[in-house]
Trainee: 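Here you go, one structure.
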Amino acid sequence: MSFPWAAHYAPKNPFMRWMDEKLPLPRLVYNAVGAGYPVPRNLNYFWNFGVLAGAALGIQIITGVILAMHYAANGTVAFDSVEHIMRDVNSGWLLRYAHANGASFFFIVVYMHIFRGLYYGSYKAPREMVWLLGVVIFLLMMATAFMGYVLPWGQMSFWGAQVITGFFSAIPIVGEPIRMWLLGGFAPDNDALNRFFSLHYLLPFVIAAVIVLHIWALHLPGSNNPTGVAVQGPEDTVPFHPYYTAKDGFGLGVFLICFSLMVFFAPNALGHPDNYIPANPLSTPAHIVPEWYFLPFYAILKSFTANFLGVPAKLWGVMAMFGAILLLFFLPWIDRSPIRSGNYRPVYKKLFWVLVADVLLLGYLGQAEVTPTVVLLSQLCAGYYFAHFLILIPLIAKFETPLPLPNSISESVLHGEAAEAAPYGTATA
Amino acid sequence: MLRFFAPWIAPLVGALFVCSLLWAVVMSPHAPAIHLASEEFHLQPKAIHYSFEGPLGRYDNQQLQRGFQVYKEVCSACHSMRLVAFRDLEQIGFNKPEVKALAKGWATETPSLNPDTGEAATRKSLPSDYLPGPYPNEIAARAGNNNALPPDMSLLAKAREGGPAYIASLVTGYADVPADLKKKFPDFNVPPGLHYNPYFANLNIAMPPPLTSDGQVTYADGTKATRMQMATDVSAFLMWAAEPKLENRKRTGIAVVGYLVIATLLAFAAYRNIWHGKKH
Ligand code: HEM
């Protein structure tokens with residue numbers, strides 16, 4: 001693991017020495033996020049988002065565990081138990097608003113993290129496994145957030161569950177039985193609510209476990225960097241601590257400020273008013289929309305409006321929606337270009353920004369009222385999404401002429417200045 | 001074999017999805033969009049300013065008490081407020097004896113059991129009771145309102161787009177059907193038992209105008225009870241009912257954000273200090 005010039009853990013304090021012999025946990029921390037982990041010296045702020053995602057998970061688990069002490073997963077009382085948290089539990093409003101907005105911020109930072117990976121080619125060899133585990137985390141997050149949103153048992157909770165589990169009924173023959181098996185009934189009810197709560201409590205800890213694997217897999221090759229050029233020597237790296245602990249500390253502060261502004265001053269801005277109406281199976285809301293972080297995929301789902309090749313439109317939509325995420329699993333092998341960083345790939349760089357605009361537009365279209373223009377735009381944007389990953393990326397990997405790469409990270413940072421050529425971050429520095 | 005085919009899999013799958021979408025574009029019905037009266041004549045809520053807006057906003061207890069009076073004397077005839085207890089009213093400035101008297105004199109009593117026979121009965125409310133609604137159940141509520149259901153008011157201000165401003169606009173927004181609308185949409189009509197109101201999404205609402213004249217309630221603090229004043233006061237009160245912890249939240253927020261800004265500046269200084277002289 002890690003580079004030969006990584007600092008070695010050598011505790012001076014007798015207690016820490018004793019600890020190191022009996023249970024080398026401090027050694028693990030030292031090697032994972034301490035001075036024993038050499039990191040490229042040129043990481044920019046986009047490399048903050050992994051740590052921030054971990055912080056967001058921490059916030060969700062802490063607030064969630066306390067919420068669960070006051071929440072009751074039963075259709076007759078779930079809505080009122082959430083209001084009990086809001087009104088009677090000490091600082092319950094804070095826990096609940098932090099948890100609800102925490103989910104949104106979790107997705108914001110994870111989306112930044114994913115797009116960082118796309119731009120800088122972090123999914124490419126030798127980090128394929130890191131990427132694969134990341135996509136697994138993303139899927140688990142989506143499942144967790146979906147089931148969490150059902151728990152307050154408001155109108156959007158209920159109808160969201162109805163719509164999303166309804167995707168399964170698009171599968172021919174076995175679809176409807178699968179849907180009923182998942183829900184434990186014909187429609188979402190106590191059985192569904194209870195199992196969703198059980199899974200909503202479980203999955204975050206599964207996510208935490210996959211994060212451990214994700215970081216483990218990352219630490220074999222080490223972090224990618226904005227040039228995409230591999231680390232070659234000690235002059236290319238700095239030890240994680242104190243360099244990146246300091247930078248991540250600053251990033252965490254900015255994150256918490258943004259998060260607090262939402263929690264304390266606009267806690268319902270990202271929510272839907274209908275979820276303050278208790279679930280009512282007999283009254284369908286005028287517009288059923290999922291949480292904002294699902295909107296691009298929701299827009300893709302809705303854009304398949306015609307039967308094609310004997311496959312019904314609804315099934316196309318469901319396949320496309322899942323396909324839009326699952327294709328990320330294959331990305332390391334779809335993109336055959338050996339150049340990682342978008343900085344040195346003129347064509348890829350442009351298409352990357354088109355993709356960002358495309359996904360943002362899909363997000364907007366996902367919540368817009370369905371008009372012919374909205375449908376047409378969704379179809380074009382969904383088409384671009386698939387074309388980008390499945391057609392354009394393999395094509396440009398073949399035909400693009402990359403810009404000249406720097407010889408090394410330190411060369412790109414120092415621009416030939418000799419002043420700082422002395423190695424940094426070595427065991428002795 | 002696989003080596004030869006593998007590079008074609010992704011483009012083929014991509015082409016399949018793209019073709020399906022192109023086919024959907026070709027097949028999409030080009031019927032002109034149906035134009036609805038509710039799209040053209042629906043109004044956005046009026047611009048109303050409340051004391052609790054903004055990061056430093058606070059409730060105005062005088063206003064909340066007036067609003068409570070409107071709720072008690074007008075809206076509570078049809079709308080329940082099941083998540084608010086009488087004792088909660090102490091938070092908006094009523095004292096304990098006042099709350100006790102309010103509970104005791106409430107128009108409907110709290111459901112209970114006859115201690116001797118076990119039969120359903122009612123009793124006078126206590127400060128710890130939640131406000132009893134006007135109807136024993138949904139069927140009774142619908143029966144009393146032309147089959148429409150007056151929604152519970154505890155969370156109403158958070159359960160509608162536009163919040164309190166929407167509520168105030170709605171209850172003062174009743175009007176005659178504009179001549180314009182009749183001309184453009186001859187099929188539009190107001191079914192019996194419904195009332196035209198351009199602030200309501202589909203323009204016809206089952207609630208009869210609740211605030212019909214100025215001076216409908218007599219405010220104890222001498223404020224002139226115009227219809228707009230009553231509407232603004234009751235909507236402010238409904239915001240409090242939906243978000244009683246708002247002041248506490250904003251106050252905490254100022255302290256938390258202040259603390260975080262200082263901590264973040266220090267973290268930034270530490271970061272610059274540690275990286276000082278190191279090109280990156
Ligand atoms: C991956 C991390 C998590 C995500 C993304 C997440 C997401 C969500 C979301 C979106 C809601 C609905 C919020 C609302 O509208 O009120 C929710 C509710 C809830 N979550 Fe989580 N959650 C996570 C972790 C946890 C954990 C670890 C627990 C408990 C151990 C938990 C317990 C609860 C409870 C009790 C509720 C219902 C109360 C409420 O609605 O506020 N969550 N969650």
Side-chain angles (χ1 to χ4, degrees), chain A residues 41-43 80 83 86-87 93-94 97 238 242-243 246-247 249-250 252-254 256-257 260-261 263-265 267-268 273-274 276-277 286 303-306 308-309 311 313 316 320 323 327 330 333-334 336 371-372 375-376 379 382-383 386-387 389-391 393-395 413-414 417 420 424, chain B residues 6-7 9-31 33 55 83 88 151-152 154-156 158-163 201 242-245 248-250 252-254 256-257 260-261 263-268 270-271 273-275 277-280:
Chain A
R41 60 190 292 173
N42 59 337
L43 302 188
D80 287 3
E83 276 308 310
M86 293 294 285
R87 288 160 194 266
W93 57 269
L94 175 54
Y97 280 153
V238 292
Y243 288 95
K247 193 171 183 177
F250 169 56
L252 184 64
V254 174
L256 289 176
I257 290 174
S260 303
L261 287 174
V263 168
F264 292 104
F265 300 107
N268 293 307
D274 278 23
Y276 281 111
I277 303 171
S303 64
F304 287 78
T305 51
F308 182 60
L309 300 180
V311 176
W316 272 111
L327 64 79
F330 300 94
W333 296 277
I334 293 174
R336 318 275 283 222
T371 64
V375 173
L376 181 63
Q379 286 162 339
F386 287 105
F389 283 108
L390 298 175
I391 300 173
I393 282 189
L395 267 184
V413 172
L414 299 175
E417 293 169 43
E420 250 207 297
Y424 275 101
Chain B
I9 299 174
L12 281 175
V13 173
L16 210 58
F17 279 119
V18 171
C19 288
S20 174
L21 281 166
L22 285 177
W23 183 245
V25 171
V26 172
M27 293 303 287
S28 65
H30 289 287
L83 297 173
D88 295 334
D152 181 81
S154 323
L155 285 163
L156 203 54
K158 286 202 289 188
R160 292 291 182 280
E161 210 71 66
E243 186 82 354
K245 298 290 169 28
N248 195 353
R249 161 159 70 72
K250 292 186 177 177
T252 314
I254 300 280
V256 169
V257 172
L260 284 174
V261 167
T264 305
L265 288 175
L266 289 174
F268 183 68
Y271 156 57
N273 192 20
I274 285 168
W275 282 81
K278 171 142 314 217
K279 287 242 161 57
H280 59 288

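Chain A is the first sequence line, chain B the second, and so forth, proteins listed ahead of strands; every chain is numbered from 1.
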Trainee: How long is the span from the CD1 atom in A:Ile277 to the CZ atom in B:Arg160, to the nearest 0.5 Å?
Mentor: 4.5 Å

Trainee: Heavy atoms only, distances under 4.5 angstrom: which of A:Gly253, A:Pro273, A:Ala246, A:Pro267 has the most pairs with chain B? Name it, please.
Mentor: A:Pro273

Trainee: With a 4.5 angstrom heavy-atom cut-off, is it the side chain or the backbone of B:Val256 that approaches chain A, or both, or neither?
Mentor: side chain

Trainee: How long is the span from the CH2 atom in A:Trp93 to the CD atom in A:Glu83, to the nearest 0.5 Å?
Mentor: 14.5 Å

Trainee: For B:Asp88 and B:Leu83, which heavy atoms make the closest approach, and how far apart are they?
Mentor: OD2-O, 4.2 Å

Trainee: Considering only heavy atoms, which portion of A:Gln379 lies under 4.5 Å from any heavy atom of chain B: side chain, backbone, both, or neither?
Mentor: both

Trainee: So for B:Pro55, is it side chain, backbone, both, or neither that comes closer than 4.5 Å to the heavy atoms of chain A?
Mentor: both

Trainee: Between A:Asn268 and A:Tyr276, is a side-chain contact (heavy atoms from CB on, under 4.5 Å) present by the stated rule, with each step listed?
Mentor: CA-CA 10 Å; A:Asn268 293 307; A:Tyr276 281 111; 2.8 Å; yes

Trainee: With only heavy atoms counted, which part of A:Thr305 is less than 4.5 Å from chain B, the side chain, the backbone, both or neither?
Mentor: both

Trainee: What option among B:Ala159, B:Ala263, B:Gly14 has the most heavy-atom pairs under 4.5 Å with chain A?
Mentor: B:Ala159

Trainee: Between A:Ser260 and B:Leu260, does the side-chain contact (heavy atoms from CB on, under 4.5 Å) criterion hold? Intermediate values first, please.
Mentor: CA-CA 9 Å; A:Ser260 303; B:Leu260 284 174; 3.2 Å; yes

Trainee: Measuring from B:Leu22:CG to A:Phe308:CZ, what's the distance to the nearest 0.5 Å?
Mentor: 8.5 Å

Trainee: Go through B:Gly253, B:Ala267, B:Pro151 and name the one with the most non-hydrogen pairs under 4.5 angstrom from chain A.
Mentor: B:Gly253

Trainee: Below 4.5 Å from any heavy atom of chain A, which atoms of B:Leu16 appear? Answer side chain, backbone, both or neither.
Mentor: both

Trainee: Look at B:Ile254, B:Leu266, B:Asn273, B:Ile9 and state which one has the largest set of heavy-atom pairs under 4.5 Å with chain A.
Mentor: B:Ile254

Trainee: Could you give the distance from CE (A:Met86) to NZ (B:Lys158), rounded to the nearest 0.5 Å?
Mentor: 4.0 Å

Trainee: Please flag which part of A:Phe265 lies under 4.5 Å from any non-hydrogen atom of chain B: side chain, backbone, both or neither.
Mentor: both

Trainee: If I measure from the heavy atoms of chain B, does A:Val263 come under 4.5 Å with its side chain, its backbone, both, or neither?
Mentor: backbone

Trainee: Checking heavy atoms, do the side chain of A:Tyr97, its backbone, both or neither come under 4.5 Å from chain B?
Mentor: side chain

Trainee: Say you draw a straight line from OH of A:Tyr243 to CG of A:Leu43; how long is it, rounded to the nearest 0.5 Å?
Mentor: 13.5 Å

Trainee: Tell me, out of B:Leu155, B:Val257, B:Val261, who's got the most heavy-atom pairs with chain A below 4.5 Å.
Mentor: B:Leu155

Trainee: For chain A, which of B:Leu265, B:Thr252, B:Val13 has the most heavy-atom pairs under 4.5 Å?
Mentor: B:Thr252

Trainee: Report the option among A:Pro242, A:Ala286, A:Pro394 that has the most heavy-atom pairs separated by less than 4.5 Å from atoms of chain B.
Mentor: A:Pro242

Trainee: Give a yes or no on this: more than 12 heavy atoms of other residues, nucleotides or ligands lie within 6.0 Å of atom CH2 of B:Trp23.
Mentor: no

Trainee: Using non-hydrogen atoms only, which part of A:Leu256 is less than 4.5 Å away from chain B: side chain, backbone, both, or neither?
Mentor: both

Trainee: Could you state the interatomic distance from CZ (A:Arg87) to CD (B:Glu243), rounded to the nearest 0.5 Å?
Mentor: 8.5 Å

Trainee: What part of B:Val18 gets closer than 4.5 Å to chain A, counting heavy atoms only: side chain, backbone, both or neither?
Mentor: side chain

Trainee: At a 4.5 Å cut-off on heavy atoms, which part of B:Leu156 comes close to chain A: side chain, backbone, both, or neither?
Mentor: neither

Trainee: Looking only at non-hydrogen atoms, find the nearest pair between A:Ala382 and A:Ser303 and report the distance.
Mentor: CB-OG, 3.4 Å

Trainee: Pick one of side chain, backbone, both or neither for A:Leu395, based on which atoms fall under 4.5 Å of a heavy atom in chain B.
Mentor: neither

Trainee: Under a 4.5 Å heavy-atom cut-off, does chain B meet the side chain of A:Leu376, its backbone, both or neither?
Mentor: side chain

Trainee: What orientation do A:Phe386 and A:Phe304 show, parallel under 30°, tilted 30 to 60°, or perpendicular over 60°?
Mentor: perpendicular

Trainee: If you count heavy-atom pairs within less than 4.5 Å of chain A, which of B:Ala6, B:Ser20, B:Gly163 leads?
Mentor: B:Ser20

